[in-house]
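Structure record follows, encoded as structure tokens.
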There are 4 protein chains.
Amino acid sequence: MTSARVSPRQRRKEERPGEILEAAFEEFARSGFAGTKLDDVAARAGITKGTIYLYFASKEELFIATVKELNRPIRENLAALTAAAQGPAMTILRRHFAFVYDHMVEDRRAREVMRMLLAEVSRFPDLAARWHAEVIGPAVETLRGVVRYGIARGEFRPSAAEEFPHLLFAPVMMACTWRLMFGDAHALDGAEYREAHLDLMEKSLLRTPDRGAAAV
Amino acid sequence: MTSARVSPRQRRKEERPGEILEAAFEEFARSGFAGTKLDDVAARAGITKGTIYLYFASKEELFIATVKELNRPIRENLAALTAAAQGPAMTILRRHFAFVYDHMVEDRRAREVMRMLLAEVSRFPDLAARWHAEVIGPAVETLRGVVRYGIARGEFRPSAAEEFPHLLFAPVMMACTWRLMFGDAHALDGAEYREAHLDLMEKSLLRTPDRGAAAV
Amino acid sequence: MTSARVSPRQRRKEERPGEILEAAFEEFARSGFAGTKLDDVAARAGITKGTIYLYFASKEELFIATVKELNRPIRENLAALTAAAQGPAMTILRRHFAFVYDHMVEDRRAREVMRMLLAEVSRFPDLAARWHAEVIGPAVETLRGVVRYGIARGEFRPSAAEEFPHLLFAPVMMACTWRLMFGDAHALDGAEYREAHLDLMEKSLLRTPDRGAAAV
Amino acid sequence: MTSARVSPRQRRKEERPGEILEAAFEEFARSGFAGTKLDDVAARAGITKGTIYLYFASKEELFIATVKELNRPIRENLAALTAAAQGPAMTILRRHFAFVYDHMVEDRRAREVMRMLLAEVSRFPDLAARWHAEVIGPAVETLRGVVRYGIARGEFRPSAAEEFPHLLFAPVMMACTWRLMFGDAHALDGAEYREAHLDLMEKSLLRTPDRGAAAV
DNA sequence: GATGAATGAGATTTCATTCAT
DNA sequence: AATGAATGAAATCTCATTCAT
């Protein structure tokens, strides 16, 4: 009976914004900001156009809220990555990228947020800046930390990867844009692609790839 | 004198389509398909709205023509890359990427076409398919050819780069999307970035990076 | 009080389509399909342009709906004519034409639908076919039935009127087009015209116009 | 050599207006005034839009000229009908209607002018007035003259046909509108229809139909 | 809170008319 | 005389936003 305290109507009220954002995401991702009709958003959310305005002041506000809502889970996921490092740096990197592929490439929402930002950056420059500050920047810094850790423990040789950890991350972006552009059917991020990515990365980072053992 | 023979109006007629496409490119790149107003395109081209319709049947046709027009120089540039290989594969790759950075990352038009395609792929799926067939596909194949050539001559060790030349190309895409997203001010494709890219690539591909000599 | 229960806005919603069709009829009748501006239709209906599109998908749909709406009362009127025949055929014909003049010539709407169909038949061929099937065809058949009835009972002599009842109907069309062309001021369908029509018709149909008795 | 005096160019110049009117007629007849594009008129005439303006000041002027041009042959034909009457009135009527059917119903142009006038009478009221004055009025008066002639010579009985000769003419209009509305395929003006028309007319006009002869 | 009819500004598109050549 | 590129006003249609219920 305690659960009955929350009436269905109240429940609804609390869920509405989320439902609208969910519908808005689908429409914005497909049609872009200008190409999206609030009619379609409302229809997808199972409400009427007017209701949107009870929760969002304008189409622009709705777009901003949609992107921010999408950023949230990614940020949270990223936070999980910055755990204290220990063990071989390469092992950390493997875990790191396993995580990144799962949460930034396989996750459709994470991919689509990139499309939306790329498409609308001139209309919503703040969103891109924010995304850089909250998602991309931290991701790069985390990566840089691992590279430095690897160099410090003598596992990695000093390399430009310290200055441009982006280079290690690039295949992830590649897979991401590839799927955005050519669809899931021609996806580039299967297990083999990931393995190839890690393989080449290993070769480029390790001090003496497989030769270390040979030297002993 | 001879040039004066061609009247300004006559000359216009031949130049109009190009002028319109030029203006359309700027507007589409900034605002996307739906967000672009033909009023603005016309104003930028220094003509009136009606004139656009003398050359393009609709806004959609104009968009398609704009993208195709942008693809043309890129395709032509790419064609220049498929020259017969000789000498060290790594040298070829260096030349290759020097060229690619210049013509696909530094060239604003080439970058923006990617933005437009990413943004409008759901409205113009054919354009993305065409871009894949004419630009991306050939670029990847060219790269694959060089990798094979390097392996065949014993310069490169066999690696997943043969199956996924995309991985070598990824830093280019990264630089491209980076500039699209964060602007020219925070560009990622300076000389140092390129050098870092090539350095890591070399480490990951060469059979015995410079150590062959050192071992002697 | 009870009527106040229905809010003006609610009531509007149900009446809107009719109000729009009413306004559209006036404009289409005056200016034809292409010459009619939706602005004018809206102004006449006391609404704005956009509202029309809440009820009709396009100008063409509005035109079609307008004509169909006009056909409805005529069809219903026609149905009233097919009552079982009895008494002198000529009496039936007199009643018939009294009715037809009132409902197809005097009624401005009925006249104007003819103008609209004549003018737009090449753009809306289906409408003319429909009008033939639902209005003109039945009207002719009804007339033929009366002629046959008159012949069967020996009142009318056999004549081509059985095959072409149109000939009996022709003066009605004449009056109709006359008013459409030259305006109500020069109308051709006064009581005298009607009487003249029936008089000549009688002479042409009756077996022995009053002379049968005289001959005896 | 005398005929060579007129150069092809000059010949052209004199024929141009006629060619344009010819093309304009086809387009106006099909699409009405507002629905007709000067582009289409020009294309049909094998010239360019601009050339039309060398001969006609505006679209309205072109329409007016087109209708007037169409009226001309009809007026000329009508004039041929007003020849002095002699012989049986019914014979004159038969000749008269044979002529009228050929020149006002079978002739597509004559039919279409009626459509154009009916459709555009509110935009070009003068044209309808002119048509009445020059075509319809004279036609009715000619008919009235024949009726009076028939009454005067005792062939016709006095009837309302003297006041409303329109009634005799009505089947012609009927056939005309019928073809305009339902197309040539469902034409109503075959030989049988004409014969039926004349048959009923004869019955309604003759003093003692066929009995006059029998009485002898 | 939710609706959805209505709005009206603004978008794309059309086309009669002009005018330099 | 003829062209046809260009214009620009106006038309159809769209859609974010409002508001009475």
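The structure presented is a predicted model; accordingly, all values stated were derived computationally and were not measured. The chains referred to below are lettered A, B, ... by the order of the sequence lines, with proteins before strands, and numbering in each begins at 1.
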Kindly say if Tyr55(A) contacts the phosphate of dA2(E), meaning a side-chain N or O under 4.0 Å from OP1 or OP2.
yes
In whole angstroms, the gap separating P of dT12(E) from CD of Glu60(B) amounts to 12 Å
Are Arg109(C) and Glu22(C) ion-paired here, with the side-chain N under 4.0 Å from a carboxylate O? yes
From NZ of Lys59(C) across to P of dA11(F) the rounded distance in Å is 9 Å
Whichever of Ser58(A) and Thr48(D) has the more 5' nearest nucleotide on DNA chain F, that residue is Thr48(D)
Here the distance between atom P of dA1(F) and atom CD of Glu19(D), to the nearest Å, is 15 Å
Arg16(C) CZ to dG4(E) P, in whole Å, measures 17 Å
Leu38(C) CG to dG8(E) P, in whole Å, measures 17 Å
Out of dT17(E), dT3(F), dT12(F), minimum distance to the side chain of Thr51(D) belongs to dT3(F)
dT21(F) -> Watson-Crick or G-U wobble partner, both distances under 3.5 Å, gives dA2(E)
Between NZ of Lys37(D) and C1' of dA11(F) the distance, given in whole Å, is 13 Å
- request: Could you walk me through whether Trp131(C) and Val67(C) pass side chain to side chain contact (heavy atoms under 4.5 Å, CB included), step by step?
  value: CA-CA 9 Å; Trp131(C) 195 62; Val67(C) 173; 5.9 Å; no
The answer to which of Tyr53(B) and Leu54(C) contacts DNA chain E further toward the 5' end, by nearest nucleotide, is Leu54(C)
Value for NZ (Lys49(A)) from CD1 (Ile47(A)), rounded to nearest 0.5 Å, stands at 12.0 Å
Separation of dC19(E) atom P from Ile52(D) atom CD1, nearest Å, is 18 Å
Describe the nucleic acid contact of Ile47(C) in one word from base, sugar-phosphate, nothing, applying a heavy-atom distance below 4.0 Å.
sugar-phosphate
In whole angstroms, the gap separating P of dC15(F) from CD of Glu27(A) amounts to 12 Å
Taken to the nearest 0.5 Å, the spacing of Arg72(A) CZ from Leu70(A) CG works out to 9.5 Å
Heavy atoms of Ala119(D) and Ala119(C) approach each other most closely as CB-CB, 3.5 Å
Judged by nearest nucleotide, the residue sitting upstream toward the 5' end of DNA chain F, Lys49(D) or Gly50(C), is Lys49(D)
